[in-house]
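Below is one structure, written out as structure tokens, with a few remarks after it.
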Amino acid sequence: MTEIKAFTIEELRGALAAMGEKPFRAGQIFKWLHLPVASFDEMTDLSKDLRAQLAGQFLLTVPRVERKQVSAVDGTMKYLWQLHDGDCVESVLMRYRHGNTACVSTQVGCRMGCAFCASGVSGLKRNLSAGEILDQILFMQADSGLPVSNIVLMGSGEPLDNYENVVNFIRIVSCPEGICIGQRHISLSTSGIADRIEALAGERFQLTLSISLHAPDDESRSAMMPVNRSYPVARLLRACEYYFDQTGRRVSYEYAMARGVSDRPWQAEKLARLLRGRPSHVNLIPLNPVKESCLLPSTRESVWRFQQILEQGGVTATVRRRLGPDIDAACGQLRRRRLKEGESL
Ligand code: SAH
Ligand code: SF4
């Protein structure tokens, strides 16, 4: 059955026209689809007949809260959702002074196989639809009572490995007739599929592209991230330059620091040389230890030293605070734990 929340408003108009409905119905239904309704019967300003027709033709996805954790330290909320087919994904709601940020998943699992990441351990189960990505935001807002003003595509999954659905999600979530979150308030994080970055540049979205770089040299990066064997650092940075040229948006680089692997001073110097003169920003974060990996977080001292070298080299870098340190914070950890407990997901 076709998922109705995966439609952009134009696609919904087309689908309704095919059913013989008037164009204004699309706006009316689109509004309902952006509220956390559990069935077409809740769409009370539609005729009973139309509601029944919609229910017969379209699937209305409604995720169920499978597990929820709230950080006692900073109020970060982590949700594990059960989807309509029993699969599970997680999302996080982070509370900042300037608003609430939703971190959402784009796939069930991930096939990129990064050595430090819990999401990739059991590979890719399936892609999420645009509607299932949107649902995480709608239902976190409903459950928490907190409005979401920013979105980061940094949950489980590689967004650019689910390109069509993610691009549709961005169109839907930033659409004025829906929840209308401005594209400048959306960040897409990628492990670096260079040709998809170039395709994304062509969409001319105003979102922030965030590259999970984690190492500046091919040897260390390939050891941490297999994707680097297909798209080495120089190729990736060329794609980032193209992205900036096409969109005018500064690219940001995530750098999870692994002790003795990616935190050495020469690597900071190399990174500074690579990024100097490019409109960019580096976020440093000590690697979050996950059980499945033998990589360890860098010490605070080496993070600071790394930052200093970058700044001296003319590259701006921030050391990121870890949110929700008392809950399973790293991406993929909550689902991973449930998988291990052997409960049906
Ligand atoms: N697949 C995309 C987006 C999801 S991962 C990507 O890789 O960019 C979101 C971010 O969390 C990425 O920057 C990823 O590298 C980082 N990450 C994953 N596991 C981590 C860990 N154990 N410690 C620190 N960062 C981690
Ligand atoms: Fe996938 Fe991102 Fe995890 Fe790598 S870091 S395995 S790309 S989710």
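FYI, side chains are in, hydrogens and waters are out, and symmetry mates aren't considered; it's all heavy atoms of this structure.
At a cut-off of 3.5 Å, with distance as the only test, a side-chain donor of Thr76 or Asp74 sits close to an acceptor on the other residue. Residues His281 and Ser252 have side chains that never bring a donor and an acceptor to within less than 3.5 angstrom of each other. When only modelled atom types and interatomic distance are considered, Thr106 and Asn162 share no side-chain donor-acceptor pair under 3.5 Å. Under 3.5 Å, the side chains of His185 and Ser149 contain no donor-acceptor pair of N or O atoms.
Summarising the geometry, atom CG belonging to Asn150 is positioned 10.5 Å from atom CD1 belonging to Ile137; distances are rounded to the nearest 0.5 Å. Between the CD1 atom in Ile133 and the CG atom in Leu138 there is a gap of 12.0 Å [rounded to 0.5 Å]. If you take CZ on Arg264 and CD1 on Ile309, they are separated by 12.5 Å, rounding to the nearest 0.5 Å. A distance of 7.0 Å separates CE in Met112 from OG1 in Thr190, rounded to the nearest 0.5 Å. Rounding to the nearest 0.5 angstrom, the gap separating the CG atom in Asp85 from the CD atom in Glu132 is 7.0 Å. Here the CG atom belonging to Asp245 is positioned 8.5 Å from the OH atom belonging to Tyr242, to the nearest 0.5 angstrom.
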Next on the checklist: Walk me through whether Leu80 and Gln82 qualify under side chain to side chain contact (heavy atoms under 4.5 Å, CB included).
Outcome noted: CA-CA 7 Å; Leu80 184 71; Gln82 188 170 80; over 6 Å; no

Checklist entry - Between Arg196 and Glu203, does a salt bridge (charged side-chain N to carboxylate O under 4.0 Å, His left out) hold up when you go through it step by step? => result CA-CA 11 Å; Arg196 297 273 168 83; Glu203 311 280 351; over 6 Å; no

Next on the checklist: Under the criterion salt bridge (charged side-chain N to carboxylate O under 4.0 Å, His left out), I'd like the reasoning laid out for Asp217 against Lys270: C-alpha separation, chi angles, the key distance, then a yes or no.
Outcome noted: CA-CA 8 Å; Asp217 56 293; Lys270 183 168 173 83; over 6 Å; no

Next on the checklist: Working note: Phe205 + Val167, criterion side chain to side chain contact (heavy atoms under 4.5 Å, CB included); need CA distance, chi angles, decisive distance, verdict.
Outcome noted: CA-CA 9 Å; Phe205 291 144; Val167 160; 3.9 Å; yes

Item to check | Audit row: Leu188, Ile186, side chain to side chain contact (heavy atoms under 4.5 Å, CB included) steps and yes/no | outcome: CA-CA 7 Å; Leu188 183 148; Ile186 305 175; 5.7 Å; no

Item to check | Trace of the side chain to side chain contact (heavy atoms under 4.5 Å, CB included) decision for Leu60 with Leu33 | outcome: CA-CA 8 Å; Leu60 182 71; Leu33 297 177; 3.7 Å; yes

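The aromatic rings of Tyr255 and His214 sit perpendicular, their planes meeting at an angle over 60°, well past the 30° parallel limit.
With Glu254 contributing its side chain and Ser210 its backbone, the two residues share no donor-acceptor pair below 3.5 Å. Checking side-chain atoms of Glu11 against main-chain N and O of Thr8 turns up a donor-acceptor pair under 3.5 Å. No donor-acceptor pair closer than 3.5 Å links the side chain of Thr247 to the backbone N or O of Ala201. Judged by distance alone, the side chain of Arg221 and the main-chain N or O of Pro232 form no donor-acceptor pair under 3.5 Å. Not a single donor-acceptor pair under 3.5 Å links the side chain of Ser91 to the backbone N or O of Ser105. The closest donor-acceptor contact from the side chain of Asn100 to the backbone of Arg95 lies at 3.5 Å or more, if one exists at all. Proximity of a side-chain donor or acceptor of Gln246 to a complementary backbone N or O of Gly202 within less than 3.5 Å is not detected. With Lys5 contributing its side chain and Thr61 its backbone, the two residues share a donor-acceptor pair below 3.5 Å. In this structure a side-chain-to-backbone donor-acceptor pair under 3.5 Å is present from Gln307 to Ala317.
Placement of Leu59 and Val62 in two distinct hydrophobic clusters is found when ILVMFWY residues are connected by side-chain heavy-atom separations under 4.5 Å, directly or transitively. The hydrophobic clustering, which links ILVMFWY residues whose side-chain heavy atoms are closer than 4.5 Å, places Val70 and Val104 together. Both Leu50 and Ile9 are assigned to one and the same hydrophobic cluster, defined by single-linkage of ILVMFWY side chains at heavy-atom distances under 4.5 Å. In terms of hydrophobic clustering, with Ile, Leu, Val, Met, Phe, Trp and Tyr side chains grouped at heavy-atom distances under 4.5 Å, Val282 and Val319 are assigned to a common cluster. In this structure, Ile181 is a member of the same hydrophobic cluster as Trp32, with clusters built from ILVMFWY side-chain heavy atoms closer than 4.5 Å.
For the pair Phe244/Glu241, no side-chain contact is recorded, criterion being any heavy-atom separation below 4.5 Å from C-beta on. Side-chain contact check for Ile193 versus Tyr163: every heavy-atom pair is 4.5 Å or farther apart. A 4.5 Å side-chain heavy-atom check between Asn228 and Leu236 finds every atom pair outside the cut-off. A heavy-atom distance below 4.5 Å is not found between the side chains of Pro159 and Ser189. Counting heavy atoms from C-beta outward, Glu158 and Val227 have side chains that stay 4.5 Å or more apart. Looking only at side-chain heavy atoms (C-beta outward), Cys114 and Met225 come within less than 4.5 Å of each other. Between Leu128 and Leu83 the shortest side-chain heavy-atom distance falls below 4.5 Å.
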Could you tabulate the donor-acceptor pairs under 3.5 Å formed by side-chain atoms of residues 15-30, not counting sequence neighbours?
from	atom 1	to	atom 2	distance (Å)
Arg25	NH1	Gln28	OE1	2.8
Gln28	NE2	Asp45	O	3.3
Gln28	NE2	Asp45	OD2	3.3

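If you look at Tyr79 and Phe139, their ring centroids are not closer than 6.0 Å.
Around atom CZ of Arg229, more than 12 heavy atoms belonging to other residues, nucleotides or ligands sit under 6.0 Å away. More than 12 heavy atoms of other residues, nucleotides or ligands lie within 6.0 Å of CD in Glu42, so this atom counts as buried by the packing criterion. Crowding of Glu219 atom CD: a count of heavy atoms from other residues, nucleotides or ligands under 6.0 Å not exceeding 12.
A pairwise comparison of heavy atoms in Ala142 and Pro36 identifies CB-CG, 3.5 Å as the closest pair. Taking every heavy atom of both residues into account, Arg320 and Ile285 meet most closely at NH2-CD1, 3.4 Å. Shortest non-hydrogen contact noted between Ser129 and Asn165 is CA-ND2, 3.8 Å. Between Asp161 and Asn127 the shortest heavy-atom distance is O-OD1, 4.0 Å. Heavy atoms only, all atoms of each residue included: Ser302 and Asp263 are closest at OG-OD2, 3.5 Å. Taking all atoms of both residues into account, the shortest heavy-atom contact from Ala102 to Met140 is CB-CE, 3.7 Å.
Residue Thr208 is tested with Arg250, Arg249, Gln183 for a side-chain hydrogen bond (donor to acceptor under 3.5 Å, both in side chains); the sole match is Arg249. Screening Asn283, Leu271, Leu274, Leu237 for a side chain to side chain contact (heavy atoms under 4.5 Å, CB included) involving Tyr253 leaves a single residue, Leu237.
Using a 4.0 Å cut-off between charged side-chain N and carboxylate O, Arg235 and Glu198 make a salt bridge.
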